[in-house]
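Any value given below was found using the heavy atoms of this structure, including those in side chains, with hydrogens, waters and symmetry copies removed. All values derive from a computational prediction rather than experimental measurement.
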Protein chains: 4
Amino acid sequence: MVPRSISADAGPCRPRVEGEREREILDATLEVLAEVGYDLLTMDAVAARAKASKATLYRRWRGKPELVVAAVMCHHAGAGAVPDTGSLRGDLLAAYCGTGGLNDPRAQSVLSAVVTAMGRDPEFAEVYRRDFIGPKIAVSRAVYERARERGEVHPDTDLTILGPALAGIVLHRAFLLGEPVTPELVGRVLDEVILPAALHGPLRSPHDPADA
Amino acid sequence: MVPRSISADAGPCRPRVEGEREREILDATLEVLAEVGYDLLTMDAVAARAKASKATLYRRWRGKPELVVAAVMCHHAGAGAVPDTGSLRGDLLAAYCGTGGLNDPRAQSVLSAVVTAMGRDPEFAEVYRRDFIGPKIAVSRAVYERARERGEVHPDTDLTILGPALAGIVLHRAFLLGEPVTPELVGRVLDEVILPAALHGPLRSPHDPADA
Amino acid sequence: MVPRSISADAGPCRPRVEGEREREILDATLEVLAEVGYDLLTMDAVAARAKASKATLYRRWRGKPELVVAAVMCHHAGAGAVPDTGSLRGDLLAAYCGTGGLNDPRAQSVLSAVVTAMGRDPEFAEVYRRDFIGPKIAVSRAVYERARERGEVHPDTDLTILGPALAGIVLHRAFLLGEPVTPELVGRVLDEVILPAALHGPLRSPHDPADA
Amino acid sequence: MVPRSISADAGPCRPRVEGEREREILDATLEVLAEVGYDLLTMDAVAARAKASKATLYRRWRGKPELVVAAVMCHHAGAGAVPDTGSLRGDLLAAYCGTGGLNDPRAQSVLSAVVTAMGRDPEFAEVYRRDFIGPKIAVSRAVYERARERGEVHPDTDLTILGPALAGIVLHRAFLLGEPVTPELVGRVLDEVILPAALHGPLRSPHDPADA
DNA sequence: CAATAAACGAGACGGTACGTCGAGTCTTCCT
DNA sequence: AGGAAGACTCGACGTACCGTCTCGTTTATTG
């Protein structure tokens, strides 16, 4: 008898497909996360949902924050494609309102998890910044660089500052001001802040004491 | 005449000055918060530090997030003064790097508390937005309005968008990118994003379907 | 001197008849006791029922056990009348099945209170034995003495042993064996144990150095 | 190779021997009980003493009374041996003054626990009567039956009444009258009450309409 | 192809914080 | 002046969750 695998028998036992099982657990994590939110998510609940044992969870992940973030990162994997709509405005709108955008109802839970976990565990923070935020930043950077080549971004603009600005403004409005993230909102932020700043470039001699 | 005991010493037992005890508890909360951070702060520890009973804590606050945020709000009360340094750049730098700024080591803990609690409890979120964020926004708004009168902000600029932008960018860098909030960083954000956007105003006909 | 007293005006406010208020509180105690039992009786509940403050309760009684027992003793006051039905059997039946008998539904709660309190507080135990059990024993003793004069009790019988025996047997059946205390049961105990022992007297000098 | 366990090391961690750990907890319970008494015994103290968590205690027992009584029952298990000294007097003396007798200093605490718990929880009362009191009664019954065969107990005697009588009398003296349970006292109760009643049998047809 | 070692599901466990509740003390307010 | 009202400290309660552990089974690897 086949131990199991693809075949749709849904057999009672199917251990060790190495990455397959892991994916199932992460999916279960996302389900629970979506249902009750980060704070009320328990390892027991995830274990039960995934028909896994808690030992298995702790064997693979350090704890709840790591599990949750791994689930989210897994879910957002492949979201790193650069849109390229032909304009900076279109690219950024696409990047912030597409799949895995901030209007996902789970995003609130997930960002809470991330902020909390990062504050608690610097090592985790480093990993998360490297593996999740880093790629996002890189995508954003590529979009801006491309726009600069088209002349939409001023040559003097410091992209290490402007690049993450849109994310910061939008996340702030979403989480602290409580506004839903709609394409309209993102568009207004682009028109009012990001695009003017990109187009006109920084103020002359910024933060430099020696200027005229 | 003193209503209580002998000497007016405010001795070992001083119940019910109504707001006095509450302030002591909130101070104790801040002490514990500063020592161990939000996640490791326990209600028992606060009660012990304040020489209060847990019942008293729960009589006044709904739980740990509310207590912590109340403590922080109490501590930051009166931070609503408008700086007025004569320029928008100076005002904003003063507002974001002065007392209660983001470089406070407790800020990370507190923001975790706030984001978590807001995600969990919409009622709390509303109260927090009204009583804590609202005044901050108002102060910021006043600074921008004043700058607009001086000609530093374009007449067409939508301050509901630009106003909270600086906070968003800075908080994002602090909490997600892990950068310390220094006056230099705030200055660069001002020069690269906020001030250019304010000076030049929004792109023509933003978010308006009817344009050329 | 009494500040006031007797007059039956039942005026709106009549504090301090000294023993009057106390009686009201004890009545309230009995009401609560009957409703929820000893363990679930709280001082707050008694205070609320009696429209008294907890401070008043603690001013007069040491704590919950004392209050409850005082209430019971107050309620049973005057139950010390000797029945005198003409026979030992009738006297004892009357004594154990009359008012304040063991078939009172509150008796279980009260005895729990008493046993618990006596085990915890030797001082209370002494007071209770002196003021409540003592009189009961005295009444019982009088009944047996009277019966001895009628020839129903053997001259050699030690009433310090036989006197409390009936109470012990009946209470044991009620509380540990869980049987209801009916006149039939008491009658059977009398016929099977108490009366034969009383009639025939003790075994001849067992292990007793001095015997006839 | 053995993964662990079996080897007689009795190592630091030995969960799940099913009844072994339970016994340890019950022993710890008895220790605490003996030290501070029933009322001052706390679940936390037992947990600490047994190096168990409170959750474990509550997983196995419903609450404090059940735990305490289980501990006592466990401790007295096997005390059901019938003495057989050759005489009813000797048997009963042995039964009431031997191991687990009433002169155990813990007995007071334990009986308080039992009476309280029985009054509070009828289900517990039933279990306790069945599993603890029942066997005691059975032993007592056997002693009396054996004595009846030797002619020490009158054929008409109702052992359902006489059987539990000694326990009732002795417990009453111990708990309500506050006397220590000494062999002398038990002997006097036997000579004054139990043995005469057993020897002479019940009064002829008491309160029974149909008799000669 | 059996034997072995690893990984698994299940879930009990020790530990800790939670939020509630009652006891007993205290002060203030009211009459 | 003295009692009602009720807030307060203290501490036990019973629950929930975390992260670790052991148990017995199942799976993949090896001799």
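Across the protein-nucleic acid pair, Asp39(A) atom CG and dA17(E) atom C1' stand 14 Å apart, rounded to whole Å. Straight-line distance from the CZ atom of Arg49(C) to the P atom of dA4(F): 16 Å, rounded to whole Å. With rounding to whole Å, Arg21(D) atom CZ is found 14 Å from dC21(F) atom C1'. Across the protein-nucleic acid pair, Trp61(C) atom CH2 and dT25(E) atom P stand 15 Å apart, rounded to whole Å. Atom NZ in Lys51(D) sits roughly 14 Å away from atom C1' in dT16(E) (whole-Å rounding). Atoms CD (Glu66(B)) and C1' (dG19(E)) sit 13 Å apart, rounded to a whole Å. In this structure, Leu57(B) places its CG atom 11 Å from C1' of dT9(F), rounding to the nearest Å. Atom C1' of nucleotide dA4(F) and atom CZ of Arg60(C) are separated by 13 Å, given to the nearest angstrom.
Gly63(C) comes within contact range of the sugar-phosphate backbone alone, with a heavy-atom separation under 4.0 Å but no base atom that close.
With salt bridges taken as basic N to acidic carboxylate O contacts below 4.0 Å, none links Glu20(A) and Arg23(A). Salt bridge status for Arg49(B) with Glu24(B): absent, with no side-chain N to carboxylate O gap under 4.0 Å.
Looking at Met43(C) and Leu67(C), their side chains come closer than 4.5 Å, going by heavy atoms from C-beta outward. Leu30(A) is listed as a side-chain neighbour of Leu33(A), based on a closest heavy-atom distance under 4.5 Å. Put simply, the side chain of Val69(A) reaches to within 4.5 Å of the side chain of Tyr128(A), judged on heavy atoms. Using a 4.5 Å cut-off on side-chain heavy atoms (C-beta onward), Val68(D) and Pro65(D) make no contact.
Partners of Asp131(C) by side-chain hydrogen bond (donor to acceptor under 3.5 Å, both in side chains), not counting sequence neighbours: none found.
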In sequence, state the C-alpha distance, the side-chain angles, and the governing distance for Leu26(D) and Trp61(D), and then conclude on side chain to side chain contact (heavy atoms under 4.5 Å, CB included). CA-CA 11 Å; Leu26(D) 294 180; Trp61(D) 297 277; 3.5 Å; yes
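Taken over five-pair windows at either terminus, the axes of the helix from dC1(E)-dG31(F) to dT31(E)-dA1(F) are inclined to one another by 10° (rounded to 10 degrees).
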Scan nucleotides 15-18 of chain F against the protein and return all N/O pairs shorter than 3.5 Å with their distances rounded to 0.1 Å.
from	atom 1	to	atom 2	distance (Å)
dC18(F)	OP2	Met43(A)	N	2.9

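If Ala52(C) and Ser53(A) are placed on DNA chain F by their nearest nucleotide, the residue sitting closer to the 5' end is Ala52(C).
Distance NZ/Lys51(A) to CD1/Ile25(A): 13.0 Å, rounded to 0.5 Å.
The phosphate of dT9(F) has OP1 or OP2 within less than 4.0 Å of a side-chain N or O from Thr56(B).
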